[in-house]
Amino acid sequence: MAQKKVVFVLGPPGVGKGTQCRKIAHRYDFVHISAGELLRQERLTPNSQHGELIDSCIREGKIVPAEITCKLLEKEMEASGKDKFLIDGFPRNQENRDGWDTTIGNRVDVLFVLFIDAPVEICIQRCMNRGAAAGSGRFDDNIEVLEKRINTHIQETQPTINYYEELNMVVYIDGNKPEEAVFEDIKKSFQRFDQN
Ligand code: UDP
Ligand code: MG
């Protein structure tokens, strides 16, 4: 099988990473893997060795150690049997990046980093709408945790994005547009994977 290929998708909480990743995966031959979703699942797995640590990180808006997240990502990649992946919400800081580089990084090509950005107020509004949506709310979509998540994004994830920027690996996407318009912009970076 061909060498595995990955696109990292980063951006502030609530900017629409998950929504756009689902659209990309539907249109192109990429498997969407949400790091946050894998951690939320692992947190609920009975007898998980890391459940409590994951739970406290998520509640505090902190970043789970790479060792845990990378294992979950790798397992999911292997299980898919595919070779192109969108990794949504990872790596979030330098520790994550180093952890990736020294483990999976040797076996996978990172094609580029899709950075979807929007003003903080817009992201808060989107998260609050999602949190309030009947039955579909995420337990960390409340204003107290959200403020912590945004801080973590600014303090830790933005420098990580800057690092990739210096390597010319970042594709910047304005996320402050309607869903379909954002997707139109994203498509330009995935045209080369079009199978039609
Ligand atoms: N998280 C983490 N490492 C990751 C991805 C997520 O520690 O690689 C944790 C972190 O506490 C974060 C939460 O999971 O605040 C939710 O992440 P997710 O990406 O699902 O939220 P989003 O940024 O999409 O709103
Ligand atoms: Mg998400």
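Only this structure's heavy atoms are used, side chains among them; waters, hydrogens and symmetry mates stay out. Just so you know, ligand 1 is whichever comes first in the structure, and atom 1 is the first atom listed for that ligand.
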Indicate, as side chain, backbone, both or neither, the part of [X] found under 4.0 angstrom from ligand 1 when only non-hydrogen atoms are considered.
| X | result |
| --- | --- |
| E60 | neither |
| D140 | side chain |
| T69 | side chain |
| R138 | side chain |

Element-labelled atoms of ligand 1 that are located less than 4.0 Å from some non-hydrogen atom of [X]:
| X | value |
| --- | --- |
| A35 | 4 (C), 5 (C), 8 (O) |
| R149 | 15 (O), 21 (O), 22 (P), 25 (O) |
| G89 | 4 (C), 5 (C), 8 (O) |
| R130 | 25 (O) |
| I63 | 7 (O) |
| K62 | 7 (O), 10 (C), 11 (O) |

Nearest-contact summary for [atom] - protein heavy atom, Å:
| atom | answer |
| --- | --- |
| atom 12 (C) of ligand 1 | R92 NH2, 3.7 Å |
| atom 7 (O) of ligand 1 | V64 N, 2.7 Å |
| atom 14 (O) of ligand 1 | I58 CG1, 3.8 Å |

Rounded distance (nearest 0.5 Å) linking atom CD1 of I173 with atom CD1 of I116:
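Taking CD1 in I173 and CD1 in I116, the distance rounds to 7.0 Å.
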
Look up atom NZ in K188 and atom CZ in F183, then write down how far apart they are to the nearest 0.5 Å.
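Here the rounded value is 12.0 Å.
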
For E180, check salt bridge (Lys or Arg N to Asp or Glu O under 4.0 Å) against everything at least two apart and list the hits.
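Residues passing salt bridge (Lys or Arg N to Asp or Glu O under 4.0 Å) with E180: K23.
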
Are any of the heavy atoms in [X] under 4.0 Å away from ligand 1?
| X | result |
| --- | --- |
| G14 | yes |
| C57 | yes |
| R126 | no |

Is it true that K148 and E144 make a salt bridge, defined as a side-chain N closer than 4.0 Å to a carboxylate O?
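Not counted as a salt bridge, because no side-chain N and carboxylate O are separated by less than 4.0 Å.
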
For K17, is there an ion pair with D88 - N to carboxylate O distance below 4.0 angstrom?
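Between K17 and D88 there is no salt bridge, as every charged N stays at least 4.0 Å from the carboxylate O atoms.
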
Please say yes or no: joined through hydrophobic side-chain contacts below 4.5 Å, possibly via intermediate residues, are I54 and W100 part of one cluster?
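Both belong to a single hydrophobic cluster.
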
Treating Ile, Leu, Val, Met, Phe, Trp and Tyr as nodes and any side-chain heavy-atom pair under 4.5 angstrom as an edge, say whether I24 and V15 lie in one connected cluster.
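The answer is yes; both residues are in one hydrophobic cluster.
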
Option with minimal heavy-atom separation from atom 20 (O) of ligand 1, where the choices are E37, K17, R40:
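Result: the heavy atom closest to atom 20 (O) of ligand 1 is in R40.
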
Best match, T157, L53, L39: closest heavy atom to atom 2 (C) of ligand 1
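Looking at heavy atoms only, the winner is L39.
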
Using the test ring pair (Phe, Tyr, Trp, His ring centres under 6.0 Å), find all partners of F112 that sit at least two apart in sequence or belong to another chain.
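For F112, the residues satisfying ring pair (Phe, Tyr, Trp, His ring centres under 6.0 Å) (neighbours in sequence not counted) are F190.
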
Within the side chain of D55, is there an N or O that forms a donor-acceptor pair under 3.5 Å with the backbone of G51?
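No; judged by distance alone, with no hydrogens or angles, the pair does not exist.
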
If you take the centroid of each ring, where Trp contributes its six-membered ring, are F193 and F30 closer together than 6.0 Å?
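Between F30 and F193, the centre distance is under 6.0 Å.
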
Can you confirm whether the side chains of Q158 and N162 place a donor and an acceptor under 3.5 Å from each other?
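The answer is yes; a qualifying pair exists.
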
